[in-house]
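What you are looking at is a predicted structure, and each value in this text was computed from that prediction instead of being measured.
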Amino acid sequence: MTAIQASLLFRSLAAQHPGVELWPDTDAPDKCAEYCSVVSRFGDGNVRILAYLRFRDSRLERRTYDDAGDDLWVPVE
């Protein structure tokens, strides 16, 4: 999680949104990687997911989707 918090993407999201936190995904299927959601807590009980990330093999990747709606992992930095 430290590598994710040190990333330019995380710092940028934290600067643009209130109450940014990392929520680890302990149910992720790939145990060789760290998965987490970057969320923003705002207002009374409101949460917005800003990004879903994984860190593996010293690379940070952000999940997006292809035209068919399947997961597509793109390098962040």
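Taking CG of Leu50 as the start and CZ of Phe10 as the end, the distance is 9.5 Å to the nearest 0.5 Å. Summarising the geometry, atom OG belonging to Ser37 is positioned 8.0 Å from atom CG belonging to Leu53; distances are rounded to the nearest 0.5 Å. Between the SG atom in Cys36 and the CG atom in Asp25 there is a gap of 8.5 Å [rounded to 0.5 Å]. With rounding to the nearest 0.5 angstrom, the CD atom of Glu61 is 9.5 Å from the CG atom of Leu72.
Remark: Arg48 CZ is loosely packed, at most 12 non-hydrogen atoms of other residues, nucleotides or ligands lying under 6.0 Å away.
With contacts defined as side-chain heavy-atom distances shorter than 4.5 Å, the pair Arg56/Asp30 qualifies. When side chains are defined from C-beta on, Leu22 counts as touching Gln5, because their heavy atoms get closer than 4.5 Å. Residues Val47 and Trp23 are in side-chain contact: their nearest non-hydrogen atoms beyond the backbone lie under 4.5 Å apart.
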| said: salt bridge (charged side-chain N to carboxylate O under 4.0 Å, His left out), that's the test. Do Arg54 and Glu34 meet it? Break it down for me. | reply: CA-CA 5 Å; Arg54 75 177 175 189; Glu34 288 182 79; over 6 Å; no
| task | Might you work through the ring-ring contact (aromatic ring centres under 6.0 Å, His included) test for Trp73 and Phe55, ending with a clear yes or no? | result | CA-CA 11 Å; Trp73 292 94; Phe55 187 76; over 10 Å; no
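Panel note: side chain Ser12, backbone Leu9; no donor-acceptor pair is recorded below 3.5 Å. At distances below 3.5 Å, at least one donor-acceptor pair connects side-chain atoms of Arg11 with backbone N or O atoms of Ala6.
When hydrophobic clusters are built by joining Ile, Leu, Val, Met, Phe, Trp and Tyr residues whose side-chain heavy atoms come closer than 4.5 Å, directly or via intermediates, Ile4 is grouped together with Val20. Both Leu60 and Val38 are part of a single hydrophobic cluster, where members link through side-chain heavy atoms under 4.5 Å apart.
Across all their heavy atoms, Pro18 and Ser40 have their closest contact at O-OG, 2.6 Å.
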